[in-house]
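A note on names: the letters A, B, ... follow the listed sequences, proteins ahead of strands, and every chain is numbered from 1. Because the structure is predicted, anything quoted here is derived from the model rather than measured.
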Amino acid sequence: MTSDLSVEVGGLELRGPVLAASGTFGYGTEVPLLERRALGAMVSKGIFLKPRAGTAPPRIAETPSGMLNAIGLQGPGVDGLIRDYAPKWAAWDFPVLVNINGESAAEYGELSARLDGVPGVAGFEINISCPNVEQGGMYFGNDPRAAASVTEAVRRRTKLPVWVKLTPMVSDIGIIARAVEAAGADALSAVNTFVGMSMDLNAYQPRLSFRTGGLSGPAIRPLAVHLAHQAARAVDIPVIGVGGIMRAEDALEFLVAGCRAVQVGTATFVNPNAIAEVHDGIAAFMAAKGFASLSELPRYLPRD
Amino acid sequence: MTSDLSVEVGGLELRGPVLAASGTFGYGTEVPLLERRALGAMVSKGIFLKPRAGTAPPRIAETPSGMLNAIGLQGPGVDGLIRDYAPKWAAWDFPVLVNINGESAAEYGELSARLDGVPGVAGFEINISCPNVEQGGMYFGNDPRAAASVTEAVRRRTKLPVWVKLTPMVSDIGIIARAVEAAGADALSAVNTFVGMSMDLNAYQPRLSFRTGGLSGPAIRPLAVHLAHQAARAVDIPVIGVGGIMRAEDALEFLVAGCRAVQVGTATFVNPNAIAEVHDGIAAFMAAKGFASLSELPRYLPRD
Amino acid sequence: MWRLFLTDAPLVERRGVARDMWVLGFAAPEIAASVKAGQFVNIGLRLGSLLRRPFSVYRAEGDRIEVVLKAVGVGTAQMLAMREGDVASCLGPLGCGFDLSRPAKSVTLVSGGLGVAPMPLAVRDARAAGLHVTWVHGARTADELCSETDGDDVILATDDGSAGFAGTVVAAAPDADLVLACGPNRMLAAVSQRWPQAQVAVETYMGCGTGVCLGCAVPLTGGGYDRACTEGPVYLAADVDWQALPSHLSYAVSA
Amino acid sequence: MWRLFLTDAPLVERRGVARDMWVLGFAAPEIAASVKAGQFVNIGLRLGSLLRRPFSVYRAEGDRIEVVLKAVGVGTAQMLAMREGDVASCLGPLGCGFDLSRPAKSVTLVSGGLGVAPMPLAVRDARAAGLHVTWVHGARTADELCSETDGDDVILATDDGSAGFAGTVVAAAPDADLVLACGPNRMLAAVSQRWPQAQVAVETYMGCGTGVCLGCAVPLTGGGYDRACTEGPVYLAADVDWQALPSHLSYAVSA
Ligand SMILES: Cc1cc2nc3c(=O)[nH]c(=O)nc-3n(C[C@H](O)[C@H](O)[C@H](O)COP(=O)(O)OP(=O)(O)OC[C@H]3O[C@@H](n4cnc5c(N)ncnc54)[C@H](O)[C@@H]3O)c2cc1C
Ligand SMILES: Cc1cc2nc3c(=O)[nH]c(=O)nc-3n(C[C@H](O)[C@H](O)[C@H](O)COP(=O)(O)OP(=O)(O)OC[C@H]3O[C@@H](n4cnc5c(N)ncnc54)[C@H](O)[C@@H]3O)c2cc1C
Ligand SMILES: Cc1cc2nc3c(=O)[nH]c(=O)nc-3n(C[C@H](O)[C@H](O)[C@H](O)COP(=O)(O)O)c2cc1C
Ligand SMILES: Cc1cc2nc3c(=O)[nH]c(=O)nc-3n(C[C@H](O)[C@H](O)[C@H](O)COP(=O)(O)O)c2cc1C
Ligand code: FES
Ligand code: FES
């Protein structure tokens with residue numbers, strides 16, 4: 001039997017539940033080998049209004065079953081994106097969401113307004129793991145009010161789907177999830193990377209020039225499954241699970257834990273065909289269990 | 001050359017900087033093979049006033065470079081500890097701290113009072129990763145006031161060294177670190193396990209009967225190094241780094257990141273001689289670099 | 001005080017004993033010299049999963065110990081991919097074995113599938129104690145029966161009747177006094193119905209194998225939990241709360 | 001559009017070419033047929049570190065590619081522990097190679113230590129372009145010199161003078177027009193002083209090798225960063241901001 005893997009996620013009809021995570025698939029134009037047939041959607045590398053050079057090297061360090069990165073959101077800014085990438089996306093057979101970033105709620109709002117209506121831009125993923133420069137550098141992502149204000153600022157400027165990418169660096173992810181849902185988010189992506197550090201024993205300094213970096217990869221999977229599950233229990237909008245998915249079983253853990261879809265990040269670095277393999281593995285699992293569609297997959301979502 | 005690895009940590013003179021982490025060395029009486037010569041100190045399995053049966057199995061699950069556990073603080077309670085274990089500790093050539101747990105500040109206080117003066121008990125490590133039953137089950141560890149109140153309750157009842165074991169599940173570990181320092185802690189252990197979850201794809205349920213568990217092992221090391229470093233930057237009392245140390249290089253990362261000493265946990269499960277090997281590896285590193293004592297090891301602790 | 005050894009043991013032998021079931025032999029002289037029936041070793045591979053994996057000692061001869069296994073997950077698959085000379089870290093002997101000191105003239109061994117694992121050593125120790133040995137061994141099908149059963153009487157059973165008795169080992173076994181059993185926890189629960197005094201070797205997850213993590217909890221009928229690695233893995237069948245003991249286990253590490 | 005291949009490549013050969021320096025040959029026909037000098041492959045081992053590790057292609061012959069390496073960390077140590085028939089996942093060819101289309105009659109290759117890696121292919125491609133080849137190769141001591149240098153002229157140099165010229169390769173090299181260089185980033189910085197127009201192959205950390213992670217940033221004199229895996233790894237020496245390029249690299253994964 002063939003199972004139907006299509007899903008509706010936060011205002012978008014997707015042909016499959018496996019998405020490319022922001023910052024791990026570039027602008028989708030980089031690599032000829034990457035298998036696109038199974039891609040549910042792509043989230044672009046995060047951009048700001050203005051071009052950004054990014055941080056000095058070293059930018060990455062490997063850790064057990066994980067990697068730290070501090071890329072510093074290097075990117076062309078909104079004009080470059082509209083000029084160089086969006087026209088290509090417009091021709092593709094899967095939707096592309098733009099991961100948007102800013103230093104103030106107004107900046108997020110302006111960015112979404114600039115991109116609203118640009119052919120090829122199917123929606124937004126708001127990255128709230130950015131420092132709020134107006135409020136003394138506190139992160140938007142761990143203050144429910146700041147997270148909601150960013151979401152509202154974007155919501156007001158676009159009719160396109162708005163997803164919010166949650167940070168794991170919070171005491172209670174449910175509070176943030178509910179705040180951004182109330183502010184108009186159509187879906188949540190959970191989660192972004194965890195802040196980590198690794199020391200160089202020759203230089204007696206951090207390995208990364210930025211000192212700290214975001215931890216991704218299989219090491220964080222049990223933490224990400226838990227946070228995505230907590231978010232899914234807190235809200236009614238769909239949650240997209242992200243963190244350490246290398247193969248179908250890992251994606252299924254997120255789906256069973258209550259997620260509507262998943263994003264694959266670091267795995268693509270290791271295996272450029274990871275997304276297709278995860279998709280195919282989910283299809284094989286569904287077929288073996290006799291589930292005709294993803295809605296039949298049992299979910300573990302106690303509401304207590 | 002032979003380097004001096006002795007350190008003073010929070011009121012105790014230790015022959016070396018490598019300690020056994022709570023819950024990973026039992027009561028120190030279990031295994032004949034464990035190498036004790038290199039042990040700086042042992043922190044006992046966490047206890048409550050009363051005996052506890054612990055959680056139902058399954059209690060552990062392996063994850064990439066890590067493991068989840070939900071033991072539920074199984075233990076004999078204070079009477080059993082005083083009767084069965086403390087007398088043995090009194091004869092040992094390294095100090096034993098008791099990891100204490102409670103459901104209210106008063107319970108922590110009473111536990112420390114009961115153990116104060118018992119031969120074999122050299123000090124306390126307060127585990128603040130417990131739910132505060134009086135305050136509706138919020139964790140002591142992510143509320144600076146609750147963390148401080150527990151610390152004070154213990155501080156008032158004993159003259160022995162009081163260490164506080166910090167939980168990583170907070171937005172800003174520096175705030176908690178400063179609160180418990182102000183409340184009289186002599187040292188901080190950073191950090192306890194991270195909350196994670198893993199799903200069973202046959203049962204469509206969490207693998208652990210307790211649903212969630214604490215993640216330990218190399219997977220968390222970059223996160224733990226970062227948190228221990230943040231704690232060390234926030235306070236003047238010593239910080240003991242814990243999380244994912246498997247070998248000497250890993251311990252040295254924590255020391256260079258500003259820790260006074262380290263604890264080894266999960267590694268002991270894999271290699272019962274891990275503590276001795278970490279200790280010896282640090283000694284070899286110090287000798288190779290020509291450092292006569294640990295105070296000469298360069299630390300990375302910018303105060304900005 | 002028992003002695004425990006931690007040793008890098010090279011693979012010295014590999015042979016098939018049933019469909020997909022293999023015996024691996026490792027050179028581990030101290031463990032081989034001291035292991036008793038029902039004890040186990042905790043095996044770790046350098047580039048493998050983080051935690052060790054527990055295996056009953058199947059045989060011990062000269063400087064060699066043997067374990068028997070199937071590939072059920074990443075750890076066992078990796079062990080079966082070992083080539084001769086590759087090294088596994090072995091920690092053991094661990095746990096309390098079967099108790100053969102009780103007054104008896106004969107012993108009945110009951111094993112289902114991979115539950116053969118502790119039985120060859122049980123045969124050895126039972127013979128040394130002068131007992132008559134009956135071994136009842138079962139599997140789903142004939143080709144899954146271990147080919148190395150041994151004893152004064154051997155009774156085979158298969159679920160599908162393709163060899164020996166058609167049915168479970170518990171049904172196939174004659175009346176017996178001293179019973180030692182090993183197999184899936186569900187089978188052991190049935191053993192405990194028929195022979196509450198049987199000595200059964202149970203399986204649990206293990207974090208350390210050495211008594212320090214409390215991960216291997218065995219729920220007891222008398223309340224509370226024991227450590228399978230230390231007080232067990234052998235229990236009086238009546239002492240185990242079979243309802244509360246997980247019957248399906250999976251570590252599920254991946255990537 | 002270039003073509004990229006992902007293939008499970010069995011180890012087919014291993015030979016020593018200097019003290020602790022080994023050439024490994026893998027069967028990877030598509031990569032062997034299409035690789036150019038200066039391009040690399042990103043190699044992953046199943047039970048190894050999470051991320052792949054980049055290696056210049058040393059030679060390509062028939063269906064085989066070769067890489068040259070020393071054990072400097074976990075990944076390289078594990079590769080050197082491979083036995084014939086063991087499989088490595090190879091992704092490539094990646095990056096832009098040397099540009100030999102510029103008008104020139106001769107080319108000078110300058111390599112320090114493991115910087116030999118892209119040079120045999122450079123010799124091949126330079127000869128195909130009809131160029132006279134001078135190869136200047138250096139190492140700390142005589143026994144660390146790669147034994148497979150090749151070219152119309154070969155000049156050797158050692159830091160300790162134990163073979164050839166006593167000093168660095170940059171000092172040992174004759175005047176030259178078209179220069180291709182590879183070696184430690186510090187050496188390349190010296191190359192850029194003498195030959196700003198040299199084509200140099202730089203090393204950085206790499207997350208993906210395919211242009212999507214932005215982890216391999218090369219700081220440019222003109223400002224901003226390039227991706228070593230995509231725009232590089234070969235650069236005009238004058239284009240790289242050598243002050244800002246890390247000269248000591250360590251992934252430092254452990255356990
Ligand atoms: C005291 C003791 C003795 C044992 N002796 C043997 C033996 O002689 N031969 C043998 O083949 N196996 C034995 N086991 C079980 C063996 O330890 C597991 O099969 C092994 O740990 C699986 O590891 P894995 O990485 O291959 O599987 P994983 O990938 O970890 O899990 C895959 C599957 O293995 C099973 N499994 C995992 N862990 C355990 C466990 N601790 N106990 C039982 N099943 C498990 C589950 O069915 C799971 O679905 C013993 C277990 C114990 C506790
Ligand atoms: C385009 C490119 C081509 C390369 N070609 C070759 C080659 O042909 N032969 C070869 O031996 N090496 C080559 N390298 C370097 C090689 O990738 C590293 O040595 C390797 O990744 C180290 O992995 P490890 O796990 O053994 O070391 P790790 O444990 O990761 O690190 C140990 C040591 O390796 C060195 N190192 C780690 N990563 C790098 C890196 N990316 N670049 C340079 N040094 C590093 C550091 O000195 C560090 O102290 C190349 C690198 C790049 C970017
Ligand atoms: C190199 C790198 C760059 C990333 N860039 C972004 C980004 O620009 N915006 C964002 O929201 N997340 C970014 N992420 C986070 C990923 O989208 C994802 O949330 C995280 O890596 C966890 O998933 P994984 O373990 O599958 O990689 C980045 C991750 C990596 C590794
Ligand atoms: C099985 C297990 C039991 C633990 N029990 C306790 C405990 O009782 N009290 C406590 O404060 N920490 C406990 N911990 C946390 C460890 O002391 C340590 O902080 C954590 O495991 C991280 O270190 P590691 O990665 O070296 O294991 C336990 C950890 C494990 C794995
Ligand atoms: S496995 Fe750790 S106590 Fe039994
Ligand atoms: S290594 Fe990922 S972009 Fe170059």
**Q.** Heavy-atom pair of closest approach, residues B:Ala257 and A:Met197
**A.** CB-CE, 4.0 Å
Q: Rounded to the nearest 0.5 Å, what's the gap from OG on B:Ser198 to NE2 on A:His226? Could you check?
A: 12.5 Å
Q. In terms of heavy-atom pairs under 4.5 Å with chain B, which of A:Ala224, A:Gly217, A:Pro206, A:Gly213 leads?
A. A:Pro206
Q. Does atom CZ of A:Phe210 have more than 12 heavy-atom neighbours from other groups under 6.0 Å away?
A. no
Q) Under a 4.5 Å cut-off applied to non-hydrogen side-chain atoms, are A:Asn202 and B:Lys289 in contact? A) yes
Q: Scan side-chain atoms only and decide if A:Tyr204 and B:Arg299 contain a donor-acceptor pair under the 3.5 Å cut-off.
A: no
Q.
Counting only non-hydrogen atoms closer than 4.5 Å, does B:Leu223 touch chain A with its backbone (N, CA, C, O), its side chain (CB onward), both, or neither?
A. both
Q | A:Arg207/B:Glu253 under side chain to side chain contact (heavy atoms under 4.5 Å, CB included): CA gap, chis, key distance, verdict | A | CA-CA 11 Å; A:Arg207 284 180 207 288; B:Glu253 281 201 49; 4.1 Å; yes
**Q.** Heavy-atom proximity to chain B below 4.5 Å, by part of A:Leu297
**A.** side chain
Q) Which one of B:Thr212, B:Val256, B:Leu201, B:Leu227 has the most heavy-atom pairs closer than 4.5 Å to chain A? A) B:Leu201
Q: Determine whether A:Arg211 and B:Pro302 make a side-chain contact, defined as any pair of heavy atoms from C-beta on separated by less than 4.5 Å.
A: yes
Q: With sequence neighbours excluded, tell me which residues meet salt bridge (charged side-chain N to carboxylate O under 4.0 Å, His left out) with B:Arg59.
A: none
Q) Taking every heavy-atom pair that is under 4.5 Å apart, which of A:Val170, A:Leu255, A:Ile220, A:Val195 has the most such pairs with chain B? A) A:Val195
(Q) Considering only residues two or more places apart or on different chains, which pairs with a residue in residues 165-174 of chain B satisfy side-chain hydrogen bond (donor to acceptor under 3.5 Å, both in side chains)? (A) none
**Q.** Any A:Phe254 side-chain heavy atom under 4.5 Å of B:Met199 side chain
**A.** no
